[in-house]
Amino acid sequence: MAGVLIGLALLAFWLFSLFDVITAPEEEVRNVPKALWVLIVVLIPLLGGVIWMLRGRPKVERDPWPVPPGPGAPKGPDDDPDFLRDLDRRMRGED
């Protein structure tokens with residue numbers, strides 16, 4: 001049973017790698033041409049997929065971490081004096 005699960009996981013990884021190579025934009029593929037990456041992943045299933053993930057896959061541009069609010073801005077509702085006043089008023093039934 002474990003062998004079947006491992007085999008299915010390897011097949012899924014190989015198919016994912018192959019699909020990823022095929023759908024990657026030609027101009028963003030790194031190190032070698034896209035056609036060669038397809039051959040590497042097809043002919044060397046596990047190792048080819050790992051090499052593709054590490055060395056050939058296009059780099060993803062990531063946004064920088066969000067900037068935390070400055071010292072004057074409330075960080076949460078319990079730090080906002082207006083919210084606390086309104087909450088106190090509502091709890092006392094002074095709507």
Side-chain angles (χ1 to χ4, degrees):
M1 183 65 169
V4 172
L5 291 177
I6 291 172
L8 286 175
L10 292 175
L11 178 65
F13 175 72
W14 179 72
L15 288 173
F16 173 78
S17 300
L18 185 60
F19 181 76
D20 197 35
V21 172
I22 292 170
T23 60
E26 176 77 36
E27 61 277 355
E28 293 180 17
V29 172
R30 298 183 295 151
N31 295 324
V32 296
K34 184 176 173 177
L36 187 56
W37 277 120
V38 170
L39 285 175
I40 291 170
V41 171
V42 168
L43 296 177
I44 315 168
L46 180 60
L47 186 60
V50 171
I51 294 170
W52 161 252
M53 294 294 170
L54 296 176
R55 305 293 297 158
R57 200 169 195 211
K59 293 259 185 191
V60 176
E61 294 294 324
R62 297 186 178 171
D63 294 332
W65 289 95
V67 178
K75 293 184 174 112
D78 57 337
D79 293 333
D80 187 359
D82 293 332
F83 173 78
L84 293 174
R85 272 193 298 277
D86 183 51
L87 182 62
D88 186 46
R89 193 181 80 241
R90 285 188 289 158
M91 287 179 63
R92 293 177 189 222
E94 299 173 3
D95 287 335

Is there a side-chain contact between L15 and F19 (heavy atoms, below 4.5 Å)?
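No, their side chains stay 4.5 Å or more apart.
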Same apolar cluster: [X] and [Y], side chain cutoff 4.5 Å:
X   : Y   : answer
F13 : L8  : no
L43 : V38 : yes
L54 : L18 : yes

Partner set under side-chain contact (heavy atoms from CB on, under 4.5 Å) for V32, not counting sequence neighbours:
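Only L36, W37 meet the side-chain contact (heavy atoms from CB on, under 4.5 Å) criterion with V32.
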Set of side-chain contact (heavy atoms from CB on, under 4.5 Å) partners for L10, sequence neighbours left out:
I6, L46
Check this for me: R30, atom CZ, are more than 12 non-hydrogen atoms of other residues, nucleotides or ligands nearer than 6.0 Å?
yes
To the nearest 0.5 Å, what is the distance between [atom1] ([X]) and [atom2] ([Y])?
X   : Y   : atom1 : atom2 : result
M91 : D86 : CE    : CG    : 12.0 Å
F16 : M53 : CZ    : CE    : 4.5 Å
S17 : I44 : OG    : CD1   : 12.5 Å

Shortest non-hydrogen contact between N31 and G56, atoms and distance
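Shortest heavy-atom separation between N31 and G56 comes out as ND2-N, 4.5 Å.
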Residue pair P58 / V29: nearest heavy atoms and the distance that separates them
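The answer is CG-N, 4.5 Å.
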I'd like to know if D82 and R85 make a salt bridge, using a cut-off of under 4.0 Å between side-chain N and carboxylate O.
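Answer for the salt bridge query: yes.
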How far apart are the C-alpha atoms of I40 and W52, what are their side-chain angles, what is the distance that settles it, and do they pass the side-chain contact (heavy atoms from CB on, under 4.5 Å) test?
CA-CA 8 Å; I40 291 170; W52 161 252; over 6 Å; no
Hey, does the side chain of K34 reach the backbone of A24 with a donor-acceptor pair shorter than 3.5 angstrom?
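Yes; judged by distance alone, with no hydrogens or angles, the pair exists.
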